[in-house]
Amino acid sequence: MTPLGLLNIAVFFLVILALTKPLGAFMAEVFQGERTFLHPLLRPLERLIYRACGVRENSEQRWTQYAASLVAFSLVCFLFVYAFERLQGLLPLNPMGFGTGHAPGGATRMTPDLAFNTAVSFVTNTNWQAYAGEATLSYLVQMAALAVENFVSAAAGVAVALALVRGLARQQSKTLGNFWVDLTRGVVYVFLPLAFVGALVLGSQGVIQNFRQYTRAATLQGSTDVIPQGPVASQEAIKMLGTNGGGFFNANSAHPFENPTPLSNFIETLMIFAVPAGLTYTFGKMIGDTRQGWALLAAMSVLFLFAVFVVYGAEQRGNPILTRLGIERSATARQPGGNMEGKELRFGIADSALFATVTTDASCGAVSSMHDSYTPLGGLVLLFNIELGEVVFGGVGSGLYGMLLFAMIGVFIAGLMVGRTPEYVGKKIEQKEVKMAMLALIIMAANILMFTGVSSVARFSKRGYWNPPGAAAENTANAGPHGFTEILYAYSSANGNNGSAFAGIDANTPWYNVSTGFAILIGRFLFIIPLLAVAGTLVAKRRIPSTSGTLPTHGALFVGVLIGTVVIVGALTFFPALSLGPIVEHFLMVQGKLFPAVALPW
Amino acid sequence: MSTLPSVEQETELIPKRLARARPLFDHEILRRAARQSVLKLRPAVQLKNPVMFVVEVGAALTTLLAAGRAWNGGPGLSFVIQIALWLWFTVVFANFAEAMAEARGKAQADTLRKTKSDSTATRVTGGCRCEVVPASKLRAGDIVICEAGSLIPGDGDVVEGIATVDESVITGESAPVIRESGGDRSAVTGGTKVLSDCIRVRITSNPGETFLDRMIALVEGAERQKTPNEIALNILIAGLTLIFLLAVITLHPFSIYAAASVRGGRIPGIAVLISLLVCLIPTTIGGLLSAIGIAGMDRVMQHNVLAMSGKAVEAAGDVNTLLLDKTGTITLGNRQAVEFLPASGVADRDLADAAQLSSLADETPEGRSIMVLAKEKYNLRGRELSQQEARFIPFSAYTRMSGVDLDGRRLRKGATEAVGEFVKENGGRVPPDFMEMADRISRSGGTPLAVAEGSRLLGLVHLKDIVKGGMRERLAHLRTMGIRSVMITGDNPLTAAAIANEAGVDDFLAQATPQDKLEYIRNEQAEGRRVAMTGDGTNDAPALAQADVGVAMNSGTMAAKEAGNMVDLDSNPTKLVEIVAIGKQLLMTRGALTTFSIANDIAKYFAIIPAMFAGTYPALNHLNIMHLHSPQSAVLSAVIFNALIIVALVPLALRGVRYRPQTAASLLRRNLLIYGLGGIIAPFPGIWIIDRLVAFIHLA
Amino acid sequence: MWRHIGPAFRLMFAFTILTGFLYPAVVTELCQVFFPRQANGSLIYRHGRVLGSSLIGQNFTSPAYFHPRPSAAGVAGYDPMASGGSNLGPTSRALYERVKADVAQFRAENPGYQGPVPADAVTASASGLDPDISPASAFAQAARVAHARGLSRRQIRHLIRDYTQKRQLGFLGEPRVNVLEINLALDRLAQDRRQ
């Protein structure tokens, strides 16, 4: 680890801390219907949307209605995206003719299973991509279907978090707000202005933004390259801000057109954490005790910093198998050293490790380096970040509501130790809350482990419909523990709505498209619905005034409890699986063991 | 005559350590528990506890596996048999914990049941006619006559007469109590014995529903229902069990992949998978959870408090506001003389002498305190006076005076106005400065007691409410625990404020009527606080019912007892604080053992995972940080540790974790350190030692 | 449930107009006005024809050019239509064999260089289109390029220093040399000399 690398991480972290309060306070105002400095400009737009869509701004919804609105909206979104994808050949803004007879050679076909997977993935803020954007989708689909989802799925995630926060903030009430209003405000006041500014900043760094044909270039060595084009900057900004992560190009944020400079990389990394960090303050503000929000942020920060240093350290130490071939291991003034496989030079080790940690902490899933080529320990942390439930800052909204879920479980166990029925921010945590929280955790564990289990051993007929390579494990690019990790990572990412991948796995087969699609749906809705149910029971409760006999949920002690809960729940659930993946791979790597990429014996 | 405990018997307001009546491991109880723990292996019983049910299924499967191996002569038979045995032990140990707790209750119930012999009753059938019927035939509304020496046949209210009653069967207190018709001392309990006089009692409960019946049922646990928090915790550990079930089941396909990818690795067998599962699921808390609940009830009972439900005990831990009766709780039961204030022209010593003489026959604490004060201040010894030379005038509500006629001297003491009247009748007069002096005493929170001889006013005795020693500190402790104390008193606000200030209570309710109490409780609850109170009178019933924890005094009326959710058999209002402590301890014990149980898993992973995959990935032996002897010994040691830890923690579950009045933050820090960090660390040496033993005696 | 479909449909429609059309249109307009070069791909033209983009790496195999990093984009590498990394894990024999071959090739191509191989020179980038190499890698290749071009090593070293981009804002990222740009400079140098 170099001083400059550490400085990068430190500056990043400090900027996030500095952004938390202003952004959080702004969001608290927006979502509580107060006037902000953007109102003169955007309030007419907001009202126009309500009027045009028949939304009554002041009507409130119970949790069941709130959930129904969310599900209905997601369903409509799915249909929109699916239709766009399947009909792209008939629609305009398709200079390369994807989905038509004259698509370029090597283009990927938008099959029903791939379209299903992609639609589900974008609607749920996952942005798992089993396709290469530049060789599959028209500008129209990228811009008017996928990028729109980046906005609304992010705003929907925030809406769910708001509902839960209101459940904690209000007392003896029945309603949690109005989903349509929360959604609209999220898009209009938060994501649209931020994305607009972000897009221009990224544009200045070299992120492309045009509607031209792909450019043919005659290279110096005399060959012809086809350089893709497209409206990238506008999509890139919301992809990061909404913690969506779906790249315009296959290489995602590693692609120079998506992320051309170290500065653009720094800004994109900031954009991932900005809203999730701010939401912790919004939470504190809305429940009337900002210390509670800072406590969540503190827990997140500790987990984040720990992770980033482990990843950075592991990547800088590199792969001893390769180092033995005579490759520079340490960073010098003129080269980065470490494990550079799958990393862009302009980002080096530190910025790649930072981005990778951030994108897996949050449910972003954009990548500026290839996680599959990380050292086992680096990859372990990335995978484990996702398996913790992406609550370290986390996705927009989903990070906060996930962390609140852990706070409730932590409070329930630790809170008993102070001799009182556990309560969190004045709300008693009882049967119903525990039941729903456990349900969410069980679903999460089942979703990841069962699908991984099936894909580890499932066999299909070679060149059949479901999985042409044969056994599901044949789709991996690596054998041995690493291949297993690819499968485990795929379903962890799907369940966590992350969307990043150990991308060696060939996921564009009907089996993987359908199974990860369902894993995504389960991970999103079967987590959110129990959570909204919790919000529904919490909102009816009275807030108990806190005394010195109440477990304080803002001090260092509680931060420790929260961290412990998150890590221990994650570790206990996934340690066996991880030990067969990255953990054993680490020991094998140290021993110098190599796995040939040949077919498994079945 | 008061049923309040005397000053010496006073219980600690905040117990340093909760009292234990019975030794934890009594021979008889142990035997009974051991038998029960085997009987409880019935799946129907286990099904109620999902965690232990999973263990039992695992044990059964492993047993079948062992049988299969024995039949086919497969390898590793001894290993599988040992695993099966220890899994059965795990279930038995958990059963044992519950059975221990239950057996302790049953022992208590048996004692109670002995008093419930088949007695007969004299039932009044109308007019003057009576008939003798078996007690079990009595219905609510029947009137019975109870004479000296007979058992009261059922719960009821005295409708006529006054009698002394021995209630020791229920309270354990041998001193007889007075029961009389009307007022707050009219309730009698079936099974108690009339010692003197004769009373008519209206029976208030039907057979099988008497207080004694319910008490027996309660202590036996027959009526035990899971409390809300217990259910929530059960859901949590059942959920964790499910998660671990998923983690272990999916290990099978994972290891098929792993074995294939290294070509010829070994897939862990079912016995090992089951062992891992059992080690991971929270068997410690799962096995001890119901024992903790029963033991909590039991602890309350050992304080001679009868909780009507476990829910009430749990709620006690959550109390934010304690309504404490001034008399007997905050102050000593009665006022004490602190000063002699002579009238002008009277010598101090004469006043003291007169006061002492007039109190010679006064057995009330006030009277005795005058004797003590006179002796301390003026060295006046108590004199023996026979009935011949002296005539004692007892206190009566009508005269509001008491005194003595001796050698022609007519000494009186009593309420200022009453004594004033007495002096005037005898031709004396009451000087104005005398009344001023009396007022001053009142304002300072005391009570003036006038002393006169014939026509001459001698002076005043200052009777003061004495706040119990250490009360301030104890209330401060309560405050650190986040509990507000509120003093309830019939005194005027002025007096109340003075005492409240001296005792250091957070608030007081002066000239409190039952309606005031009810209002106060409702207001507290409206702000989200939980309230505990004690009460005895019929007019306390609404407040007792409204309070989250309502402790009725056993000396009180049936109505009060019905309204509250606990009955204090000693009728000691100070105990409220102990009840709160027990409630907190109950919740803490659950939290501590849950944390411990979950924290244990980390070490178990390090023991079992490398052992499981020793055949596939020898490299994973790096995780074998305990350097366990062999894969078999590692698995076996973890399973043995998991079983033994349950037994090791039975005393803790029954006794409860150590409790100290501290702020929540320091309690949490302490318990996290012990049960969280301790739970992570403890199994490492534990498993290591067992592994050495297992290796030493060649078990694996 | 169906009560919610109506507003869902209408809002989805509204957001598609707003964020799917208006927003990218405005961003495009502004980018084209303020950052036209960047917005269109930072293209490099020579004689009116597109040579490539300064952001997109190209493959160079001639000893007279600086060589970029190994690329996993497409079969031959550096195919802009197939961006992506190798996705080979640390215990992959394929990775080991590839890096071993690359190290051997690097050594063979740059016999004058004796130090450890710079980490980036034998590892494939994430995008497969990495336009940069490390200064260390460039200096290691300097002797070969100088030899092939008939230039002095000093000249080449000078050129490398000129084309080394420092860390952005002094601390972000890594110092780097854009391969296409320095190779164009080499060509220009040769042209200048011819003239």
Side-chain angles (χ1 to χ4, degrees), chain A residues 4 7 49 53 68-69 72-73 76 143-144 148 151-152 180 199 203-204 206 208-210 215 217 219 225-227 231 234 249-251 254-256 260 262-263 266 319 322 325 327-328 334-337 340-342 344-346 348 369-370 372 375 477-478 482 503-504 589 594-597, chain C residues 1 4-5 7-12 14-16 19-20 24 27-28 31 35 38-42 49-50 52-53 55-56 58 60 80-81 83-85 87 89-94 96 99-100 103 116-120 123 125-127 129-132 134-136 168 171-174 176:
Chain A
L4 279 176
L7 180 69
I49 292 175
C53 302
S69 290
F73 185 69
V76 169
M143 162 182 102
V148 172
F151 278 98
V152 294
W180 309 118
S204 78
I208 58 174
Q209 179 74 17
N210 61 57
T215 306
T219 68
D225 277 356
V226 177
I227 300 176
S234 56
F249 301 108
N250 185 47
H255 197 289
L263 182 62
F266 185 77
N319 177 350
L322 299 188
L325 292 170
I327 302 172
E328 181 68 80
R334 284 177 176 167
Q335 60 87 49
M340 279 301 287
E341 179 70 19
E344 296 286 293
L345 178 70
R346 59 192 180 283
S369 53
M370 291 302 151
D372 208 348
T375 60
N478 294 271
H482 200 86
M589 178 187 81
L594 290 173
F595 288 89
Chain C
M1 185 73 202
H4 302 267
I5 292 286
F9 192 85
R10 290 191 291 271
L11 273 168
M12 187 60 215
F15 288 136
T16 304
T19 64
V27 171
T28 308
C31 282
F35 321 111
Q38 290 97 317
N40 293 321
S42 307
R49 289 184 53 200
V50 178
S53 159
L55 292 177
I56 304 290
Q58 290 184 7
F60 291 94
M81 284 297 285
S83 63
N87 286 315
T91 53
S92 157
R93 182 170 288 281
Y96 173 78
V99 173
K100 198 169 147 190
V103 169
V117 181
D120 64 303
T123 51
S125 66
S127 62
L129 305 175
D130 196 338
D132 306 311
S134 66
Q168 223 169 350
F171 71 101
L172 289 171
E174 291 287 326
R176 57 198 206 272

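So you know, we letter chains A, B, ... as the sequences are listed, proteins then strands, and number each from 1.
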Task: Top contributor to chain A contacts, counting heavy-atom pairs under 4.5 Å, from C:Pro80, C:Gly52, C:Pro7 - done: C:Pro80

Task: Residues that C:Phe9 engages under side-chain contact (heavy atoms from CB on, under 4.5 Å), provided they are two or more places apart - done: A:Val76, A:Phe80

TODO: Kindly say whether C:Ser83 contributes a backbone atom to a donor-acceptor pair with the side chain of A:Asn250 at under 3.5 angstrom?
DONE: yes

Open item on the list: As an exercise: rank C:Asn40, C:Val117, C:Thr16 by heavy-atom pairs under 4.5 Å with chain A and give me the winner.
Closed with: C:Asn40

Task: Check: A:Pro596 main-chain N/O paired with C:Arg93 side-chain donor or acceptor under 3.5 Å - done: no

Task: Flag, side chain of A:Gln335 to backbone of C:Asp120, donor-acceptor distance under 3.5 Å - done: no

Open item on the list: If you apply the rule side chain to side chain contact (heavy atoms under 4.5 Å, CB included), what do you find for A:His482 with C:Ser92, and how did you get there?
Closed with: CA-CA 8 Å; A:His482 200 86; C:Ser92 157; over 6 Å; no

TODO: Give a yes or no on whether the backbone of A:Arg346 and the side-chain of C:Asp130 come within a donor-acceptor separation of less than 3.5 Å.
DONE: no

Task: Interface residue of largest heavy-atom contact number with chain A, from C:Gly20, C:Ala126, C:Pro118, C:Ala39, under 4.5 Å - done: C:Ala126

- [ ] Any chance you could measure C:Leu129, atom CG, to A:Asp225, atom CG, to the nearest 0.5 Å?
- [x] 8.5 Å

- [ ] Walk me through it: do C:Phe60 and A:Thr219 pass the test side chain to side chain contact (heavy atoms under 4.5 Å, CB included)?
- [x] CA-CA 9 Å; C:Phe60 291 94; A:Thr219 68; over 6 Å; no

Open item on the list: The test is side chain to side chain contact (heavy atoms under 4.5 Å, CB included); show your working for C:Leu55 and A:His255 and say whether it passes.
Closed with: CA-CA 9 Å; C:Leu55 292 177; A:His255 197 289; over 6 Å; no

Task: Heavy-atom closest contact (A:Asn478 atom, C:Gly89 atom, distance) - done: OD1-N, 2.7 Å

Task: Contact leader toward chain C among A:Thr215, A:Ile227, A:Val226, where contacts are heavy-atom pairs under 4.5 Å - done: A:Val226

Task: Note, C:Ser125 side chain near A:Glu344 side chain (heavy atom, < 4.5 Å) - done: yes

Open item on the list: Using every non-hydrogen atom in the two residues, find where C:Ser127 and A:Ala251 come nearest and quote the distance to one decimal.
Closed with: CA-CB, 3.6 Å

Task: Whether C:Gln168 side chain and A:Leu263 backbone form a donor-acceptor pair below 3.5 Å - done: yes

TODO: Give, as side chain, backbone, both or neither, the part of A:Val152 having an atom under 4.5 angstrom from any heavy atom of chain C.
DONE: side chain

Open item on the list: Working to the nearest 0.5 angstrom, can you tell me the gap between C:Tyr96 OH and A:Leu325 CG?
Closed with: 5.0 Å

TODO: Before giving the answer on side chain to side chain contact (heavy atoms under 4.5 Å, CB included), spell out for C:Val99 and A:Ile327 the whole-Å C-alpha distance, their side-chain angles and the decisive distance to 0.1 Å.
DONE: CA-CA 10 Å; C:Val99 173; A:Ile327 302 172; 3.5 Å; yes

Task: Closest contact, heavy atoms only, A:Gly348 versus C:Glu174 - done: CA-CG, 3.4 Å

- [ ] Give, as side chain, backbone, both or neither, the part of C:Arg49 having an atom under 4.5 angstrom from any heavy atom of chain A.
- [x] side chain

Open item on the list: Do A:Pro262 and C:Arg176 make a side-chain contact, defined as non-hydrogen atoms from C-beta onward lying under 4.5 Å apart?
Closed with: yes

Task: Part of A:Leu345 lying under 4.5 Å from any heavy atom of chain C - done: both

Task: Options C:Ala14, C:Gly85, C:Pro24, ranked by heavy-atom pairs under 4.5 Å with chain A, top entry - done: C:Pro24

Task: Qualifying residues under side-chain contact (heavy atoms from CB on, under 4.5 Å), relative to C:Phe35, sequence neighbours excluded - done: A:Ser204, C:Cys31, C:Gln38

Open item on the list: For the CZ atom of A:Phe73 and the NE2 atom of C:His4, what is their distance to the nearest 0.5 Å?
Closed with: 14.0 Å

